[in-house]
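One structure is given below, encoded as C-alpha cells.
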Amino acid sequence: VCDQDASWRRHTALIGDDLREPGEHGVEQGVVPLGVVRLQRVQRVPDDRGQGSDQVVLSLAALGGDGATGWDWIINAFTLARQYFPNAKLMLNDFSITNDGNATTTYLEIIRLLQDRGLIDLIGIQGHAFSTTGPMSTHTGNIARLAETGLPIYVTELDIDGNDDPVQLAEYQRIFP
C-alpha cells in the first residue's frame, strides 16, 4: 500500500470470507480483545508468486460484531488499519455492488459510516464477469451514486469471460462502450 498513489494494491488487511464466529473452524470461544486481533496470524498461504502471505482468521465478535451501526466490525477493522498503517490508502472493496441497486445502497451506508470517521480513502468495486452482467445503465447509475461520495472509485479484479478473442472483445465493448 502506498501513501501517495493508489495505483498498486498488494496488501489486504481483512477478507470477509475469512471471518469466523467463535467455535467455527478452530476459532476459540469467547471474544478476542481488539488489540489482539492484529496479532492472530494463523497460517502462511502461498500467493500467486509462491512467496506466501499471512492469513488472519478473525471472529466477527473480535471486531465488535454488528454493534450499534450494524457494521461495527467493519468500522473497527478500518479503525485498526488506520491506527497501524496511518499512511495507507484504505479501500472498501466488494463484488456484485453495481449490478444491484440494493447492494449499492448497503455499500453506500457502510461507506458513509467510514467517511464520517475519516476511515476510507478509496472505493473498490470488483469487476468479475458474473457481476458485470445485466444492463450497463444499471451499472453506470450505481457507479454515479458511488461517485457522489467524492471518493475515487477503482474497478478491481476485472475478468471477462469468453472462449475466443471476438467474444471477449464484444464483452469489453459492452462494458466499455
Side-chain angles (χ1 to χ4, degrees), residues 1-2 5-21 24-25 43 45-49 53-60 62-66 69-82 85 88-115 117 119-163 167-177:
V1 178
C2 41
D5 179 29
S7 61
W8 169 249
R9 294 282 165 266
R10 183 67 186 141
H11 301 285
T12 301
L14 182 69
I15 300 173
D17 286 348
D18 287 342
L19 292 172
R20 308 285 188 245
E21 289 301 324
E24 188 178 11
H25 303 287
Q43 60 186 348
V45 178
D47 64 15
D48 56 355
R49 296 178 304 173
S53 63
D54 292 325
Q55 294 281 323
V56 179
V57 177
L58 306 172
S59 76
L60 289 175
L63 289 170
D66 292 341
T69 67
W71 302 104
D72 281 12
W73 65 276
I74 295 175
I75 293 167
N76 290 331
F78 274 71
T79 299
L80 286 169
R82 183 69 81 208
F85 307 101
K89 298 288 187 185
L90 300 184
M91 173 190 286
L92 183 68
N93 188 21
D94 207 349
F95 66 92
S96 291
I97 297 300
T98 63
N99 60 331
D100 178 344
N102 292 327
T104 304
T105 298
T106 300
Y107 208 49
L108 283 166
E109 177 186 344
I110 298 166
I111 290 165
R112 288 184 183 116
L113 289 167
L114 294 170
Q115 271 189 303
R117 293 158 175 82
L119 297 173
I120 187 169
D121 304 300
L122 312 163
I123 296 173
I125 51 176
Q126 296 175 21
H128 296 293
F130 63 82
S131 65
T132 58
T133 59
M136 290 315 297
S137 59
T138 299
H139 292 278
T140 56
N142 287 326
I143 290 170
R145 292 174 61 201
L146 293 170
E148 290 173 3
T149 65
L151 295 171
I153 300 170
Y154 287 80
V155 177
T156 65
E157 304 172 51
L158 180 65
D159 46 73
I160 304 294
D161 286 344
N163 294 329
V167 170
Q168 286 191 346
L169 175 60
E171 256 319 271
Y172 272 102
Q173 290 171 332
R174 183 185 70 78
I175 295 170
F176 304 105

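Keep in mind it's a predicted model, so treat the numbers as computed, not measured.
Among residues two or more places apart in sequence or in another chain, the ring pair (Phe, Tyr, Trp, His ring centres under 6.0 Å) test is passed with Tyr172 by none. Shown here are the salt bridge (Lys or Arg N to Asp or Glu O under 4.0 Å) partners of Asp159, two or more places apart in sequence or in another chain: there are none. For Asn93, the side chain to side chain contact (heavy atoms under 4.5 Å, CB included) test picks out Met91, Gln126, Thr156, Glu157, with sequence neighbours left out. Partners of Pro135 under the side chain to side chain contact (heavy atoms under 4.5 Å, CB included) rule, at least two apart in sequence or in another chain, are Ser137, Thr138. For Thr149, the side chain to side chain contact (heavy atoms under 4.5 Å, CB included) criterion is met by Leu108, Ile111, Gln115, Ile123, Leu151, not counting sequence neighbours.
For the atom pair CG of Leu122 and CD1 of Ile120, the computed distance is 7.5 Å after rounding to the nearest 0.5 Å. Atoms CG and OG1, from Leu158 and Thr132 in turn, are 7.5 Å apart once rounded to the nearest 0.5 Å. Interatomic distance, CD1 of Ile74 versus CG of Leu113, reported as 9.0 Å (0.5 Å rounding).
A 4.5 Å side-chain heavy-atom check between Trp71 and Leu114 finds every atom pair outside the cut-off. Side-chain contact between Thr98 and Leu146 is present, with at least one heavy-atom pair separated by less than 4.5 Å. In this structure, Arg82 and Leu90 have side chains that are in contact, with non-hydrogen atoms separated by less than 4.5 Å.
Residues Thr133 and His139 come closest through the heavy atom pair O-NE2, 2.9 Å. The two residues Arg145 and Thr105 have their closest heavy-atom pair at NH2-OG1, 2.6 Å. The two residues Phe78 and Leu119 come nearest to each other via the heavy atoms CD2-O, 3.0 Å. In plain terms, the two heavy atoms of Asp72 and Thr69 that are nearest each other are OD1-OG1, 2.5 Å. Taking both residues in full, the closest heavy atoms of Ala103 and Ser96 are given as CB-O, 3.4 Å, listed atom of the first, atom of the second, then distance.
Listed for the Asn76 side chain is no donor-acceptor partner under 3.5 Å among the backbone atoms of Trp73. Between the side chain of Thr106 and the backbone N or O of Asn102 there is at least one donor-acceptor pair closer than 3.5 Å. Judged by distance alone, with hydrogens and angles left aside, the side-chain atoms of Thr104 form a donor-acceptor pair with the main-chain N or O of Asp100 at under 3.5 Å. No donor-acceptor pair under 3.5 Å is formed between the side chain of Tyr107 and the backbone N or O of Ile125.
Listed by first and then second residue, the salt bridge (charged side-chain N to carboxylate O under 4.0 Å, His left out) pairs involving residues 167-177 are Glu171-Arg174 (not counting sequence neighbours).
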